[in-house]
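The next block holds one structure in the form of structure tokens; read it before the comments.
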Amino acid sequence: MSTRHRLLSMLVENHPGVLNKVSSMIRRRGMNITSLSVGETDDESVSRMTVAIDVGRAQADQAVKQLYKLIEVIKISDITEDPIIDRELVLCKVTAGRGDRSELLQIIDIFKAKIADVATDSMVIEMSGAEDQVETFLELVRPFGIKEVARSGTVAMTRGREGLRLSAKHQARTPAQQDLAAAERQRRSAGVLVGD
Amino acid sequence: MTTSTTTPTTATDSPNGSAPVIADGQVITGAEILLECLRREGVDTIFGYPGGANLWLYRYLPDFTDIRHILARHEQGATHMADGYARANRGKAGVVFATSGPGALNCITGIATAQYDSVPLVVVTGQVPTVAVGTDAFQESDVIGVTMPIVKHSYLLQSVDEIARVVREAFHIATSGRPGVVVIDFPKDLQNARHPFHWPAGPVSLRSYNPTTRGNPLQIKRAAKLIDEAKRPAMLAGRGVLISRGEEELLELSRKASIPVGWTLLGTGCYPVGEELSLHMVGFMGAGYTNKAVLGCDLLIMVGMRADDRVTTKLDSFAPQVENIIHIDIDPAEIGKNVRPTLPIVGDAKQVLGEIAKLVAPKRLDSWITQIERWKEEHPLRYRRNTGVLQPQDVLLEMYRRCDSDAIVVADVGQNQIWGALWWDFKGSGLYLNSGGSGTMGFAFPASLGARVGRPDKPVWCIAGEGGFVMTMQELATAVQENIDVKVVILNNYCLGMVRQFQDDYYEGVRSAVDLRVGPDFVKLADAFGMPGWRTDKVEEVPQLLDRMQRHSGPCIGEFIIDPEANVRPIVPLGKGLPDFVEEIVEAGF
């Protein structure tokens, strides 16, 4: 992923129209989405979005603050600099005459990809990996003749125990928890704190 | 002086029956559910316009006799009225009813205007029946889609059992945190569907919406320390101080720590002009001495403001020498968006200012105050008097004398707005309502009607140019029908003044499409709508005319023919920075 890209991971209410609000907010602030994926989480009332935007860090900070203002956005994290696992699924239909197949099979083997469908003169390869692996894979199969490509957009998750999930403040509502939540929000939203 | 011939007609229409009591569990229509919810939210006035898709709401509206409906003459007017109502009645949301399609679309400018200036509105638009949504039905428009970028939140009602919850949430979202506009799109079939009424008890709880209102105590302590250490502190206050009713806390902090206070256009009224530490408006068309103070201070505290380009002018020219900037705002997205502060505090202006005021040590910074006094002498606000041609300030100074630091003043957009702000002279805090963010011409007159309806205890003066006034003048009918006592001061220079000034100074002197010499005779116009109107172009007649306006009970117009060459000064030339403000009167066309 190039240095200009910022990767945002967010939890949003699973309501109609939320994707539209998120994408228009980013467009309205003059930013460009380079990859986007959305899906339900283990909690069916919550969707998770992974959005890659083509901006620098300061602009990404502004995007995060603006996105927080959308009522349906529950939590956002800029995970660009975190240790993460990111994956993208690609389906690629390539021309594969009899003579090409063995060489294609070697590439498939290297990338731990799979053959999803075979016809007499073409095959559909299913491959998943980090974005740069996907790019390399596509470069290698390109000479065989790519007929069609479908990419899912990146999904990502931080490594280790910590992660993006609904915290207590999003469920229970005791005054003490609200105060904690408010302090945390303030710390996150106000940007750089002097002396920290 | 010309006088209209008719006396004003009044047609007050306030039904006086007792409202029905709707019990929990009672089966009623969706329209009644919404109206009952509005009543329980404390709504006493709705500004609206009926049409095909909200007729069930209007069918039941007369049953709710404790809610006053003001029939505007255009939905934009209704929206500005609700906006003025909410700005004058701080903390309460303004409510608008409009029908689907064109009705809702006519609200757009009003919605954007309110949202830009953080005004709480709940706009209820009728929508075609649920089965017809998305079929390009008659008078259908995608109100949710069209309003998305200009609202705080919106709801398309999809079943009758969610109406009560949605209305509660809408008022909570509109009025809490940084206030804004919430749209509720209400399909016609749901208005007539019957359902047991159930009022959601308890406070509204939304897991994804919990605005921070209390400033972080550690940050507040750091702010107090910076203020204690500062030798040349200055404060700029914006509309956030007025929204949070933080004027007292602002004054207390300023006096205790010897901090001069200036304000943004939208912050006008938050600080008494007569105070020793009072600066004035800042920025692009601000007072020279305010800009000098911002450039010369060692600590700048910005509170309840966005620091937009009309404040900062060229961004890198804004307070480049300042060692520390504290930015207090309830919206974290505004902090660091333009000006990067050394100390951000997210929170309600009143609460944060109050807490800081408690912590700072009392002090008096004599040499800094002397410096401020010197700047006030070197860069006073002034205008050319006795030119033989009526100057706008001749009118405004007399008008403000009659406001007696108590009236609500509503200004339109353009030169009249800046003159009104620069000659603002209230001895205490006050309200100077104007469309500062969106800059919507035509705002003032309907907004002043709403302000007066919301605060009938206050005199309301409306300042407008002839260009802006004409944009929404159909609301003269509303003013007369509801007998809304607003005194309209029209500063008529027969041209689009601000545009003309910019063309003269920055667009090579070519005057293009600014000639408004053909317009209504405003005295006859007032007469046509059944209210009195007077006109003058003589400075000596101004006091007498304004006295008449003040004495008259009910709406009236005073038309003042002013110098067509009058310009706004000071001004920072386009593309220049804060230190480059120009005070001298530049002759038109170079």
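Residue numbering restarts at 1 for every chain, and letters A, B, ... go by the order of the sequence lines.
Proximity to chain A is absent for every atom of B/D329, based on heavy atoms less than 4.5 angstrom apart. There is no contact between B/I144 and chain A, counting heavy-atom distances below 4.5 Å.
Atom NZ of A/K147 has more than 12 heavy atoms from other residues, nucleotides or ligands within 6.0 Å. Around the CE atom of A/M25, the shell of radius 6.0 Å holds more than 12 heavy atoms that belong to other residues, nucleotides or ligands. Within a 6.0 Å sphere centred on CG of B/D136, heavy atoms belonging to other residues, nucleotides or ligands number 12 at most.
Tested against A/I125, the residues A/L91, A/I107, A/L104, A/I146 include a single side-chain contact (heavy atoms from CB on, under 4.5 Å) partner, A/L104.
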Begin with the C-alpha distance, continue with both residues' side-chain angles, and end with the deciding distance and a verdict on side-chain hydrogen bond (donor to acceptor under 3.5 Å, both in side chains) for A/T80 and A/D78.
CA-CA 6 Å; A/T80 316; A/D78 181 343; 2.5 Å; yes
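Residue pairs satisfying the salt bridge (charged side-chain N to carboxylate O under 4.0 Å, His left out) criterion with at least one member in residues 16-42 of chain A, sequence neighbours excluded, are listed as follows: A/K21-A/E72. Sorted by first and then second residue, the side chain to side chain donor-acceptor pair (under 3.5 Å) pairs involving residues 114-128 of chain A (not counting sequence neighbours) form an empty list.
At least one donor-acceptor pair under 3.5 Å links the side chain of B/R168 to the backbone N or O of B/G202. In this structure a side-chain-to-backbone donor-acceptor pair under 3.5 Å is missing from B/T312 to B/A307. Judged by distance alone, the side chain of A/D100 and the main-chain N or O of A/E103 form no donor-acceptor pair under 3.5 Å. Checked by atom type and distance alone, the side chain of A/S77 never pairs as donor or acceptor with a backbone atom of A/I79 at under 3.5 Å.
If you tally non-hydrogen atom pairs under 4.5 Å between each of B/G180, B/P149, B/G145 and chain A, the highest count goes to B/P149.
For residues 113-132 of chain B, a heavy-atom distance under 4.5 Å to chain A picks out no residue at all. Residues of residues 151-158 of chain B lying under 4.5 angstrom from chain A, judged on non-hydrogen atoms, are B/K152, B/H153, B/S154 by number.
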